[in-house]
**Student:** 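Got a structure for you, questions after.
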Amino acid sequence: MEGCKGLTKGWPEQVLTMQSNWIGKSYGAEVDFQVKGKDESIRVFTTRPDTLYGATFMVLAPEHPLTFVLSRGTEQAELVDDFIKNVKREDKISRTSEKGEKEGVFTGAYVVNPLNGEDIPVWSANFVLMDYGTGAIMSVPAHDQRDLDFARKYGLTVRVVIEPPEDSLDALTMTEAFSVDGTMVCSDSFDGLFGNEARRKVCDYLEKKKLGKPTVNYRLRDWGVSRQRYWGTPIPIVHCDDCGLIPVPENQLPVKLPLDVELGDRGRSPLTTLAEFIETECPKCNKPARRETDTLDTFVCSSWYFYRYTSPHNNRAAFDKYDADYWMPVDQYIGGIEHAILHLLYSRFFHLVFEDMGLVKSDEPFSNLLTQGMVIKDGAKMSKSKGNVVDPEEIIETHGADTARLFILFAAPPIKDLEWSSQGVEGCSRFLKRVWRIFEDFVEEIKTAKSVSEDYEAGAKELRELRRMAHVTIRRVTEDIQIRMQFNTAIAAIMELVNHLYSFRDEWTSLKEKSDEARAVLREAFDILILLLSPFAPHIAEEMWSRLGYEMSLGFVSWPVFNEVLTQTEEMLIVVQVNGKVRHRIMVPTSADEEAVKARVLDDPKIREQTKDKEVRKIIVVPGKLVNIVAK
RNA sequence: GCCGGGAUGGUGGAAUUGGCAUACACACAAGACUUAAAAUCUUGCCCUCGAAAGAGGUUGCGGGUUCGAGUCCCGCUCCCGGCACCA
């Protein structure tokens with residue numbers, strides 16, 4: 001929970017919320033209730049100690065040991081036995097579903113409310129869970145909906161001890177519990193206290209009287225890490241008849257998964273019948289013993305596999321601290337949103353344990369997380385288990401790997417879910433052909449061109465514009481890939497560059513300035529195009545690159561860098577609005593200041609026409625973007 | 001029920017900090033080239049009025065803030081994901 005705070009910059013809020021909910025930290029109090037007539041007390045957990053005076057009964061989980069114990073010797077004993085038996089028969093899912101009917105039985109016992117000394121009956125009911133809190137609750141029907149439902153069903157007392165502001169509740173008729181903060185009433189000296197203060201005061205009192213104490217509870221459940229299946233890391237434990245469970249000593253690790261097994265459909269792991277795997281010696285007494293045949297949940301391995309990447313050649317340890325400290329944390333982690341809780345939470349737990357052990361020094365394993373959306377096919381998440389996967393091989397065969405890759409990346413940004421459709425494959429293939437054709441048109445012309453000299457200033461407008469486009473495209477593509485992770489818009493930017501090259505081709509024929517420098521500008525544009533395209537369509541890019549005479553593969557060429565100066569225009573477009581409506585667009589020199597732009601706008605005949613019968617009240621100038629004239 | 005995300009043309013989507021809504025594509029239609037087809041190229045392509053210039057409207061629905069809202073605020077509808085008797 002602490003770590004979540006530090007991740008807010010790099011992780012999607014949604015994932016952090018899901019993890020927080022899963023951990024489910026809640027503050028409250030544990031309170032002891034003395035069992036009437038016995039030397040025994042029952043501890044309950046409550047988040048609402050301020051409602052303690054309204055506790056009119058107590059409910060134990062059917063699995064709670066006292067459910068059975070307390071009912072012995074009372075006339076309820078038989079009913080309780082039946083009840084426990086029935087609940088155990090019920091399956092877990094329907095029992096823990098909110099919709100399930102609340103069933104319960106009186107145990108025959110009473111406890112004493114520690115604050116007002118009142119005797120209250122102890123019940124057992126299916127809606128109380130043994131594995132949360134203490135497995136026992138104090139029921140305050142007036143202020144908890146579940147308790148109210150239960151009280152109404154079994155005719156139990158309802159008592160209002162929290163009043164809403166400017167309203168009052170009727171314990172006899174209320175059907176909706178008042179479960180938010182309010183003012184304490186019918187609570188002796190605590191009357192009049194509100195919300196957090198009320199809870200704190202009650203806690204203080206309980207603590208002082210040794211009746212209870214403030215507590216923190218978590219919803220997080222235990223994680224059973226063993227699986228009765230073959231594929232998984234063997235659990236390094238030996239069962240010895242004399243010594244019990246003995247861990248395999250370090251010098252015998254790792255226990256390897258035997259590969260010569262027959263995988264059948266017998267419904268159980270082949271390890272359980274493989275004598276050569278099972279039969280071993282006890283590491284302690286050397287007598288014959290048996291290996292554990294359960295394997296570890298695959299989440300165990302996925303919780304730390306990335307540390308191994310930091311020291312892949314180390315054969316003495318899983319990873320080396322020096323290497324791990326150098327590489328970790330992972331700068332950018334990409335995974336499906338479906339791993340938001342389990343995998344990503346377990347990895348964080350492992351990391352925290354490694355940190356405690358002094359094996360790593362970073363706080364968190366993954367600094368930045370991108371959760372890619374799911375691909376939907378036929379209304380369901382595309383997955384191997386559902387069998388609704390689309391094999392990219394089909395597109396690769398018909399259109400090639402470059403088209404397949406480009407198409408997938410162009411379809412939608414990675415964070416979004418995507419309804420699969422192959423509509424548009426054609427267009428991506430067409431785009432690559434367009435790239436190839438324009439390249440073919442110019443390759444002879446630019447093959448021998450040198451690079452643009454530092455101090456070159458193109459005379460022709462077309463050449464200047466081409467350079468500008470090329471450098472702007474570097475910026476757009478770089479930002480889209482590196483910062484925004486939006487590959488579809490990166491590809492769109494490249495498409496725009498290619499479209500520009502096509503219109504440039506028509507101008508090139510009539511261009512007078514076909515000097516070496518002009519050819520150098522053209523070559524620069526193609527160099528840039530190829531480099532920007534290379535992550536999306538590596539094969540065609542590599543081919544063009546080598547046809548230009550480069551010998552080094554693109555994989556070793558550094559990413560292009562744009563020149564800020566070259567991305568600037570001499571003129572800029574200013575949108576002119578009158579009362580918020582776009583009326584005109586004008587070009588002004590980039591260097592023009594606010595006053596100059598204002599003057600230019602007011603002088604424009606079209607704008608004068610628009611404002612002639614009106615009084616200009618205000619003029620808003622957004623530098624480099626627009627002017628809005630407010631007139632009445 | 002609670003938490004989170006979303007809704008933009010016929011379709012996928014763009015709009016980066018509140019500043020030209022519909023970039024880039026797909027599909028479709030018309031035309032050019034062709035004996036013909038494919039490929040390619042050109043043009044059109046949110047809605048209404050208009051021959052056009054242009055005018056008005058439009059980002060699920062209803063309000064609000066603002067000179068200005070797809071973007072911010074309030075209320076709703078629908079869809080998706082997570083959690084679901086957690087005391």
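Letters A, B, ... mirror the listed sequences (proteins, then strands); counts begin at 1. Worth saying up front: this structure is predicted, and the values here are computed from it rather than measured. What's counted below: heavy atoms across the whole structure, side chains too, no hydrogens, waters or symmetry copies.
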**Student:** Sticking with atom P, work out how far rG5(B) lies from rG9(B), rounded to a whole angstrom.
**Tutor:**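 One P to the other, the span is 22 Å.
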
**Student:** What's the closest nucleotide to the side chain of V575(A) if the choices are rG12(B), rU40(B), rC20(B)?
**Tutor:** rC20(B)

**Student:** For rC83(B), give the paired nucleotide (Watson-Crick: N1-N3 plus N6-O4 or O6-N4; G-U: N1-O2 and O6-N3; both under 3.5 Å), or none.
**Tutor:** rG1(B)

**Student:** Take atom C1' in rU42(B) and the same atom in rA55(B), then report the distance between them in whole Å.
**Tutor:** 29 Å

**Student:** Which atom pair, heavy atoms only, marks the closest approach of I530(A) to A541(A)?
**Tutor:**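 For I530(A) and A541(A), the tightest heavy-atom pair comes out as CG2-O, 3.4 Å.
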
**Student:** To the nearest Å, how far apart are I341(A) CD1 and rC3(B) C1'?
**Tutor:** 11 Å

**Student:** Over all strands shown, is S139(A) touching base, sugar-phosphate only, or nothing at heavy-atom distances under 4.0 angstrom?
**Tutor:** nothing

**Student:** Name each donor-acceptor pair under 3.5 Å that joins a side chain in residues 397-415 of chain A to protein atoms two or more places apart or in another chain, with its distance.
**Tutor:**
residue: T398(A); atom: OG1; partner: E394(A); partner atom: O; Å: 3.0
residue: T398(A); atom: OG1; partner: I395(A); partner atom: O; Å: 3.3
residue: D402(A); atom: OD1; partner: H539(A); partner atom: N; Å: 3.1
residue: D402(A); atom: OD1; partner: H539(A); partner atom: ND1; Å: 2.8
residue: D402(A); atom: OD2; partner: H539(A); partner atom: N; Å: 3.3
residue: D402(A); atom: OD2; partner: I540(A); partner atom: N; Å: 2.7
residue: T403(A); atom: OG1; partner: H399(A); partner atom: O; Å: 3.2
residue: R405(A); atom: NH1; partner: P535(A); partner atom: O; Å: 3.3

**Student:** Check the interface with nucleotides 15-19 of chain B: list each N/O to N/O pair with the protein under 3.5 Å, or write none.
**Tutor:**
residue: rA15(B); atom: OP1; partner: R484(A); partner atom: NH1; Å: 2.6
residue: rA15(B); atom: OP1; partner: R484(A); partner atom: NH2; Å: 2.9
residue: rA15(B); atom: OP1; partner: Q486(A); partner atom: NE2; Å: 3.3
residue: rG19(B); atom: N2; partner: Q577(A); partner atom: OE1; Å: 3.4

**Student:** What's the closest nucleotide to the side chain of F410(A) if the choices are rC67(B), rA27(B), rA25(B)?
**Tutor:** rA25(B)

**Student:** Nearest to the R437(A) side chain among rG12(B), rG82(B), rC41(B), which nucleotide is it?
**Tutor:**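 For the R437(A) side chain, the nearest candidate turns out to be rC41(B).
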
**Student:** Please tell me if N488(A) has a side-chain N or O lying less than 4.0 Å from either OP1 or OP2 of rA14(B).
**Tutor:** yes

**Student:** Would you tell me if any nitrogen or oxygen in the side chain of R219(A) comes within less than 4.0 Å of OP1 or OP2 on rC83(B)?
**Tutor:** no

**Student:** Indicate yes or no: does E63(A) engage K88(A) in a salt bridge with an N to O separation below 4.0 Å.
**Tutor:** no

**Student:** Taking a pair as Watson-Crick or G-U wobble with both distances under 3.5 Å, which nucleotide is matched to rC46(B)?
**Tutor:**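 rG57(B) - that is the nucleotide pairing with rC46(B), both distances being under 3.5 Å.
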
**Student:** Tell me whether the rings of H500(A) and F504(A) are parallel (<30°), tilted (30 to 60°) or perpendicular (>60°).
**Tutor:** parallel

**Student:** Quote, to the nearest angstrom, the C1' distance that separates rG63(B) from rA69(B).
**Tutor:** 14 Å

**Student:** D50(A) has an atom CG; how far is it from atom C1' of rA87(B), in whole Å?
**Tutor:** 13 Å

**Student:** Charged N to carboxylate O below 4.0 Å: is that the case for K102(A) and D147(A)?
**Tutor:**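 Salt bridge absent between K102(A) and D147(A).
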
**Student:** Please state whether the rings of F299(A) and H343(A) are parallel, tilted or perpendicular, taking 30° and 60° as the class boundaries.
**Tutor:**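 Parallel: the ring planes of F299(A) and H343(A) meet at under 30°.
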
**Student:** Ion pair present between K5(A) and E2(A), side-chain N to carboxylate O less than 4.0 angstrom?
**Tutor:** yes

**Student:** Taking the P atom in each of rG54(B) and rG44(B), what is the distance between them to the nearest angstrom?
**Tutor:** 15 Å

**Student:** Looking only at atom P, what distance separates rA23(B) and rC47(B), rounded to whole Å?
**Tutor:**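 My reading of the P atoms in rA23(B) and rC47(B) gives 13 Å.
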
**Student:** Which nucleotide in the set rA27(B), rC24(B), rG13(B) lies at the smallest distance from any side-chain heavy atom of M495(A)?
**Tutor:**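 Of the options given, the side chain of M495(A) lies nearest rC24(B).
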
**Student:** Return the pairing partner of rU17(B) with a 3.5 Å limit on both distances, Watson-Crick or G-U wobble; otherwise return none.
**Tutor:**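 Answer to the pairing question: none, since rU17(B) forms no Watson-Crick or G-U pair.
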
**Student:** Given the C1' atoms of rU71(B) and rU17(B), what is the spacing between them in whole Å?
**Tutor:** 11 Å

**Student:** For atom P, what is the distance between rG68(B) and rA21(B), given to the nearest Å?
**Tutor:** 14 Å

**Student:** Please compare Y502(A) and A411(A) by the position of their nearest nucleotide in RNA chain B and report the one closer to 5'.
**Tutor:** A411(A)

**Student:** Since syn is defined as within 90° of 0, does rG63(B) count as syn or as anti?
**Tutor:** anti

**Student:** So which nucleotide does rC26(B) pair with, by the Watson-Crick or G-U wobble rule with both distances under 3.5 Å?
**Tutor:**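 Partner of rC26(B): rG10(B).
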
**Student:** Pick the nucleotide of RNA chain B nearest each of I491(A) and M18(A); which residue has the one closer to the 5' end?
**Tutor:**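 Per heavy-atom nearest nucleotide, the more 5' residue is I491(A).
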
**Student:** Contact class for P413(A) vs. all strands (heavy atom < 4.0 Å): base, sugar-phosphate, or nothing?
**Tutor:** sugar-phosphate

**Student:** Out of rC83(B), rG13(B), rG57(B), which has the shortest distance to the side chain of K581(A)?
**Tutor:**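 Comparing rC83(B), rG13(B), rG57(B) against the side chain of K581(A), the answer is rG57(B).
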
**Student:** Looking only at atom C1', what distance separates rU34(B) and rG70(B), rounded to whole Å?
**Tutor:** 46 Å

**Student:** Rounded to whole angstroms, how far apart are CG on N499(A) and C1' on rU42(B)?
**Tutor:** 14 Å

**Student:** Pick base, sugar-phosphate or nothing for G427(A), based on heavy-atom distances below 4.0 Å to the nucleic acid.
**Tutor:** sugar-phosphate

**Student:** Nearest-Å distance, CE (M58(A)) to P (rA87(B))?
**Tutor:** 17 Å

**Student:** Does a salt bridge link K213(A) with E30(A), judged by any charged N lying under 4.0 Å from a carboxylate O?
**Tutor:**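 Judged by the 4.0 Å cut-off on N to carboxylate O distance, K213(A) and E30(A) do form a salt bridge.
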
**Student:** Just to be sure I understand the rule, does I629(A) reach a base, reach only the sugar-phosphate, or reach nothing, if contact means heavy atoms closer than 4.0 Å?
**Tutor:**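 Nothing: the residue I629(A), judged by heavy atoms under 4.0 Å, touches no strand.
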
**Student:** Could you give the CZ-to-P distance, from F407(A) to rC24(B), as a whole number of Å?
**Tutor:**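 Taking CZ of F407(A) and P of rC24(B), I get 19 Å after rounding.
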
**Student:** Nearest to the K416(A) side chain among rC3(B), rG13(B), rA87(B), which nucleotide is it?
**Tutor:**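 So the nucleotide nearest the side chain must be rG13(B).
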
**Student:** In whole angstroms, how far is the C1' atom of rG12(B) from the CD atom of Q423(A)?
**Tutor:** 8 Å

**Student:** May I have the distance from R617(A) (atom CZ) to rU66(B) (atom P), rounded to whole angstrom?
**Tutor:**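 In whole Å, rU66(B) P and R617(A) CZ are 15 Å from each other.
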
**Student:** Within the structure, does a side-chain N or O atom of R583(A) lie under 4.0 Å from either OP1 or OP2 of rA55(B)?
**Tutor:**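 Yes, R583(A) has a side-chain N/O under 4.0 Å of OP1/OP2 on rA55(B).
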
**Student:** Compare the minimum distances between each of rU11(B), rC20(B), rA23(B) and the side chain of E496(A), then state the nucleotide with the smallest one.
**Tutor:** rA23(B)

**Student:** Using distance alone, with no hydrogens and no angle criterion, decide if S26(A) and N217(A) have a side-chain donor and acceptor under 3.5 Å apart.
**Tutor:** no

**Student:** Which atom names give the shortest non-hydrogen contact between D50(A) and G195(A), and what distance separates them?
**Tutor:**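 That closest heavy-atom pairing would be OD2-O, 4.4 Å.
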
**Student:** Given atom CG of L342(A) and atom C1' of rG81(B), what is their separation to the nearest angstrom?
**Tutor:** 15 Å

